[in-house]
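Remarks on the structure that follows.
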Amino acid sequence: MIGDSLLAEADIEIGEHKTFTFLNMTFNADTIWSTVIAGLVVIGLGFWMRSKVSSTNPSKIQLMWEAVVGEVTRQVEENLGRVHPFVVPLAIALFVFILVANWFEIIPSLHLLPAPTADVNLTYALALLVIVGVHIFSVRERGLKGYVKHYFQPHPAMFLLNLIEELVKPVTLALRLFGNIFAGGIMIAIIGLLPIWALWGPNVIWRLFDMFIGLIQAFIFALLTVIYFGMASEGHSAADDERKPATDPQPQLSKGH
Amino acid sequence: MPTTNLAESNFLVPNATFFAELFAFALVLLVLARYVIPPINKALTERQEGIRRQFDELETAKANAEAAENQYRSQLVEARHEAARIREEAREQGAQIVVEMREQAQAEASRITAAASAQMDAERQQVLAQLKSEVGTLATDLAGRIVGESLEDEARKRRTVDRFIAELDGHSIEVEQSGTSMRQR
């Protein structure tokens, strides 16, 4: 296999993490610590903005935050019909955190600071948080009866498809993000195999493109979160519409590439 | 060997890192939701409110300016009308004064004329009366001097006057008689 031999030659580690064990459980040390740094960066940006917040003379950092908050609020309003006090902060936190984490990919750090989003542990965690939130929200909005009933809409025979759809949602959410960022990292590693005189061009171009992918993926994750919440609050008759957004992300995804 | 490594730990299978990530993101979410997003929303709302207020103030100022301009224009028109009215009034008053003065002058003139003629009448009457009273005395004086006899005593004076009057009467009869005879001839 060409791929294997190439990887073997270059000694590229794929899905390899520096691990440690604690209470008989394996932890990926590099993912955890780059997550901590990403979290600190996000919180640091937040508090930096907070220290300079002004309603009359906004600083650049404040305008950046305002753009994110404004956009997410608009999306939530469009999809949910109102601004839900829980969905807006969740989507904002997801977008900013994923964006910062994705851009770690661009920083050349000799594998010391890998993008934590290139590890399924992070993306599964985020997806699970979102989907659990969506289902709780759905039960609250429709009542338990309405929630169960929506699996049998528009016809009881659709139950299996509906169930699969709901089960697939978190998996696609997690693996889409993981796959994009992970692939970006592999691309950088493969470009690194080029001879030194040909390396810089593709390297710069790919890193710029990777920044774009990172932005798009963070946006898609946050947008899908909002859309799933929007679907969860829809009425019983809106079962047909519920399937549309599930297919919508694919064109958006292909746009990103 | 890399191949065995890939087979041993599939990178799609999560490990305990999952829980650490869950906790980490939950913490980030909590901090953002509690400490970062509220001030942004507050600032956004305040700024929108400020902009709305500024627009309101602008509208009010514009309305005020328009009202002031309208008032100014209407006052100007009013002032022009007032000026025209005053001019017209002054002209009328002037004409009236001229008419009045003329009437007054004419009345004065006629009054003066009337007064003068009345005075003249009175004087004439007075002169006439005086003349009448004096003519008799003068006549007797003159007659006495011509006759040479004093008519000073009352009886004689009366006699003379009576005779004079009788002569006058007789003379006038004669004249009438001669006049008729002259016409008969």
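Letters A, B, ... are given to chains in the order of the sequence lines, protein chains preceding strands, and every chain is numbered from 1.
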Have B:Q104 and B:E108 got a donor and an acceptor in their side chains that come within less than 3.5 Å?
no
Where does A:I98 contact chain B at under 4.5 Å (heavy atoms): side chain, backbone, both or neither?
neither
From the list B:I51, B:L27, B:T45, B:V31, the residue making the most non-hydrogen contacts under 4.5 Å with chain A is B:V31
Name the option with the most non-hydrogen atom pairs under 4.5 Å to chain B; the candidates are A:L94, A:L128, A:T123.
A:L94
Structural part of B:F25 lying under 4.5 Å from a heavy atom of chain A:
side chain
Which answer fits B:I37, side chain, backbone, both or neither, if we ask what part of it has an atom under 4.5 Å from a heavy atom of chain A?
side chain
Which bit of A:Y124 is near chain B, if near means a heavy-atom gap under 4.5 Å: side chain, backbone, both or neither?
both
Chi angles and distances behind the salt bridge (charged side-chain N to carboxylate O under 4.0 Å, His left out) call for B:R91, B:E88:
CA-CA 5 Å; B:R91 207 179 55 74; B:E88 184 67 17; 3.0 Å; yes
Should we say atom CZ of A:F47 is surrounded by more than 12 heavy atoms from elsewhere, each under 6.0 Å from it?
yes
So what's closer than 4.5 Å to chain A heavy atoms on B:A33: side chain, backbone, both or neither?
both
Is it the case that atom CH2 in A:W206 sees more than 12 heavy atoms from other parts of the structure closer than 6.0 Å?
yes
Whether over 12 other heavy atoms sit under 6.0 Å from B:R102 CZ
no
More than 12 heavy atoms of other residues, nucleotides or ligands under 6.0 Å from CZ of A:R140: is that the case?
no
